[in-house]
Peer 1: 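First the structure, which I've put down as structure tokens, then a few questions once you've had a look.
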Amino acid sequence: QSEVARARRYGQPLTMLLVDPDHFRELTEQHGEPFANEWLQAIAAVCKQESRNTDIVGRVGGEAFAVLLPSTELSGGLVLAERIRERMARHVFPGDYQGVRCTLSIGVADVTDNISSVDGLLGIAGTAVERARQAGMNLVVGYDD
């Protein structure tokens with residue numbers, strides 16, 4: 001919440017990615033909880049590795065992650081989201097899970113005059129994730145009202 005307040009106070013851009021694994025429940029039922037944990041750890045690691053030190057990565061909800069990008073325009077968030085999506089699509093899991101392909105739907109949203117809270121950012125990023133899912137999954141979609 002402090003990053004949103006700072007961005008609004010100083011007129012700085014602030015963008016959020018909402019990273020949501022595709023078919024999470026189905027793949028967890030098929031491959032088990034250890035696989036689900038491995039997948040979540042891989043998502044967290046990729047998000048952290050691709051992000052800057054000043055970015056904030058955290059788990060929100062059950063299996064989704066948010067990445068808060070201070071001083072970043074929506075276009076920069078889209079570029080980062082695409083890097084994360086591509087890396088996870090190519091990710092090779094160890095052991096028994098080597099053949100499992102896991103994809104992400106990522107929504108990207110930024111602070112605007114109408115969005116003044118973390119919950120607001122999460123809401124519109126969630127809308128963008130839903131649009132990515134409706135368009136076929138394994139996509140990055142920026143929120144455009």
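All heavy atoms count here, side chains included; hydrogens, waters and symmetry mates do not.
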Peer 1: Does the side chain of Leu40 reach to within under 4.5 Å of the side chain of Phe65, using non-hydrogen atoms?
Peer 2: yes
Peer 1: What's the separation between atom CD in Glu73 and atom CG in Leu14, rounded to the nearest 0.5 Å?
Peer 2: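 Glu73 CD to Leu14 CG: 10.5 Å, rounded to 0.5 Å.
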Peer 1: Please round to the nearest 0.5 Å and tell me the distance separating atom CG of Asp55 and atom CG of Leu69.
Peer 2: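 Nearest 0.5 Å value for the CG-CG distance: 4.5 Å.
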Peer 1: Just by modelled atom types, is the Pro70 backbone N or O under 3.5 Å from a matching donor or acceptor in the Arg52 side chain?
Peer 2: yes
Peer 1: Restricting to non-hydrogen atoms, name the atom on Val141 and the atom on Leu78 that form the minimum distance, rounded to 0.1 Å.
Peer 2: C-CD2, 4.3 Å
Peer 1: Got a donor-acceptor contact below 3.5 angstrom from the Gln1 side chain to the Val118 backbone?
Peer 2: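 The answer is yes, because a donor-acceptor pair under 3.5 Å joins these two groups.
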Peer 1: Applying the 4.5 Å side-chain criterion to the ILVMFWY set and letting contacts propagate, would Val46 and Val57 be lumped into a single cluster?
Peer 2: yes
Peer 1: Starting from Val19, can I reach Phe24 by hopping between I/L/V/M/F/W/Y residues whose side chains sit under 4.5 Å apart?
Peer 2: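 Linked, Phe24 and Val19 end up in one cluster.
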Peer 1: How close do Gly77 and Val108 get, counting heavy atoms only, and between which atoms?
Peer 2: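 Where Gly77 meets Val108 most closely, the heavy atoms are C-CG1, 3.9 Å.
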Peer 1: Checking the side chain of Thr28 only, and the main-chain atoms of Glu33 only, is there a donor and an acceptor separated by less than 3.5 Å?
Peer 2: no
Peer 1: Tabulate below the donor-acceptor pairs under 3.5 Å that side-chain atoms of residues 86-106 make, not counting sequence neighbours, or state none.
Peer 2:
unit_1	atom_1	unit_2	atom_2	d
Arg87	NH1	Gln49	OE1	3.1
Arg87	NH1	Glu50	OE2	2.9
Arg87	NH2	Gln49	OE1	2.4
Thr103	OG1	Asp22	OD2	2.7
Ser105	OG	Asp22	OD1	2.5

Peer 1: For Ile43 and Pro21, which heavy atoms make the closest approach, and how far apart are they?
Peer 2: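 Heavy-atom minimum between the residues: CD1-CG, 3.9 Å.
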Peer 1: Quick one: does any side-chain atom of Thr127 pair with a main-chain N or O of Ala125 as donor and acceptor, under 3.5 Å?
Peer 2: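 No: the side chain of Thr127 does not pair with the backbone of Ala125.
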Peer 1: Same cluster for Trp39 and Ile84 if Ile/Leu/Val/Met/Phe/Trp/Tyr side chains link at under 4.5 Å?
Peer 2: yes
Peer 1: Using the rule side-chain contact (heavy atoms from CB on, under 4.5 Å), only one of Ile115, Val60, Leu122 pairs with Met16; which is it?
Peer 2: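 When Ile115, Val60, Leu122 are each tested with Met16, the side-chain contact (heavy atoms from CB on, under 4.5 Å) holds only for Leu122.
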Peer 1: Nearest 0.5 angstrom please: Leu80 CG to Thr72 OG1, how far?
Peer 2: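 Between Leu80 CG and Thr72 OG1, I get 8.5 Å after rounding to 0.5 Å.
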Peer 1: Using 0.5 Å steps for rounding, measure from the CG atom of Leu68 to the CG atom of Leu18.
Peer 2: 12.0 Å
Peer 1: Could you grab the distance from atom CD1 of Ile56 to atom NZ of Lys48, nearest 0.5 Å is fine?
Peer 2: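 With rounding to 0.5 Å, CD1 (Ile56) is 12.0 Å from NZ (Lys48).
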Peer 1: To check you understand the geometry: which heavy-atom pair defines the closest contact between Ser51 and Cys47, and what is its length?
Peer 2: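 Looking at all heavy atoms of both residues, the closest pair is OG-O, 2.5 Å.
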Peer 1: Applying the salt bridge (Lys or Arg N to Asp or Glu O under 4.0 Å) test to Asp20, which of Arg59, Arg85, Arg133 qualifies?
Peer 2: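 Answer after filtering Arg59, Arg85, Arg133: Arg133.
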Peer 1: Step by step, would you call His31 with Glu38 a side-chain contact (heavy atoms from CB on, under 4.5 Å)?
Peer 2: CA-CA 11 Å; His31 300 287; Glu38 182 80 31; over 6 Å; no
